[in-house]
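For reference, the structure is listed below as structure tokens.
Values in this document were obtained by computation on a predicted structure and should not be read as measured data. A, B, ... follow the sequence lines: proteins, then strands. Residue 1 opens every chain.
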There are 2 protein chains.
Amino acid sequence: MNDSPRRKELTRQAAQLFVQEGFDRTTVRMLAEEMGIKSGSLFHHFRDKQEILAAVIEEGTRNALAIAHAALESCDRDSEARLQAMARAHLETLLTDRNAHVVALYEWRRLDDDARAHLGHLRDAYEALWETVIDEALAAGLIHGDRFLVSRFVMGALNWTVRWYDPEGERSPEELGRELVAMLMAPRG
Amino acid sequence: MNDSPRRKELTRQAAQLFVQEGFDRTTVRMLAEEMGIKSGSLFHHFRDKQEILAAVIEEGTRNALAIAHAALESCDRDSEARLQAMARAHLETLLTDRNAHVVALYEWRRLDDDARAHLGHLRDAYEALWETVIDEALAAGLIHGDRFLVSRFVMGALNWTVRWYDPEGERSPEELGRELVAMLMAPRG
DNA sequence: GTCTATATACCGATAGAC
DNA sequence: GTCTATCGGTATATAGAC
């Protein structure tokens, strides 16, 4: 529809509800209340509920991509540091804000065909970034295994943290990232 | 309500729909049609929609527990074989039948408080079984890392396969299990 | 840009005949 | 155990005043 600052703020609030309740159980009335408006007013900003989901997922994936890029640029060049930077960035987008990136990962199937086609390249870009860092680690002998499967297993281990991580607990997202990389590395290099 | 063979068959059919559509998007009318009856008749077998979900999840978790136990009893005693047996059993319940175990993992949050309390011990038993096998592998020096985190990461990597695995593809659940264990092991022991 | 009011459809669940 | 018929509630979305 557009991308006004207002719409962006509404998208941010929608993301929070989608994470808490899931997309299907979140009603437009709940969304409107969270936004401080009536449900009828919501459709001035979004064509329908589907478009809200697409906006949240686009925002979540773009943000994750930007944060991952920034993390890679500001860390050491060795493949262990880069792998940890990616894991840490990924976990922070998932666990610290509990924001749109969670929705992008867990509600992707709810997108209609048009939205999936439109957002597919963004998702692919993020996964491609992961695969380059995995490739570097494989080439350096830091980790080992099949390139495709290692990528999927690593992302699965990270994505599933949403289900069990306790923000009130003692472990930080950064610590989780370090532990995951350590788990994959040979004990003495 | 009861556990007649009829109800068990209906539960099996419900599981398939819950995996395909998700619990929230599956209507009682869809369930009834899949079962070959009218929607009103469904409530002769289940008190409400929640009870169908609870039945599916109980079935899925019991089945996974039974298959895991059987796999452990019929494999070699070394910790690598046992870890692979667990991974293979887990993946087969998730990927081969696409059945109730997927629902147990992905729709757990939709259970009401009573059902969660009732089924929690089953889920705990299954996770405890995983942790004993992980503990053995840690003690044997096969893998390394924090016991709690390794368990969560491994189960996350396995559970996420549901999202990307292609049953028509060339990789079997068994191969995935072998590759996951290989990824975690030190290259030269 | 937000409101009130409402259209239209479908949801889960029940009642009672057979 | 399954059927028909339907209740009461709530869902997404629209129309038009302000």
Taking only Lys NZ, Arg NE, NH1 and NH2, and the carboxylate oxygens of Asp or Glu, determine whether E51(B) and R7(B) approach each other closer than 4.0 Å.
yes
Using whole Å, report how far NZ of K49(B) lies from P of dT14(C).
15 Å
Heavy atoms under 4.0 Å is the rule here; annotate nucleotides 2-10 of chain D 5' to 3' with B where the base is hit, S where only the sugar-phosphate is, and - elsewhere.
BBB------
Would F153(A) and W130(A) count as a close aromatic pair, with their ring centres under 6.0 Å?
no
I'd like to know if L53(A) and M30(A) are part of one continuous hydrophobic network [Ile/Leu/Val/Met/Phe/Trp/Tyr, side-chain heavy atoms within less than 4.5 Å].
yes
By the 4.0 Å heavy-atom rule, please label S4(A) as base, sugar-phosphate, or nothing.
nothing
Please give, in whole Å, the distance from dG1(D) P to F46(B) CZ?
12 Å
For residues W164(A) and F148(B), establish whether the separation of their ring centroids is below 6.0 Å.
yes
Measure CD/Q50(A) against P/dT12(D) and give the value in whole Å, please.
12 Å
In terms of side-chain geometry, is the basic nitrogen of E33(A) or R29(A) positioned less than 4.0 Å from the acidic oxygen of its partner?
no
Whole-Å distance between dT14(C) P and D48(B) CG?
8 Å
Looking only at the side chains, is there a donor atom on one of Y126(A) and H90(A) sitting less than 3.5 Å from an acceptor on the other?
yes
What is the distance from CZ of F43(B) to C1' of dG16(C), rounded to the nearest Å?
16 Å
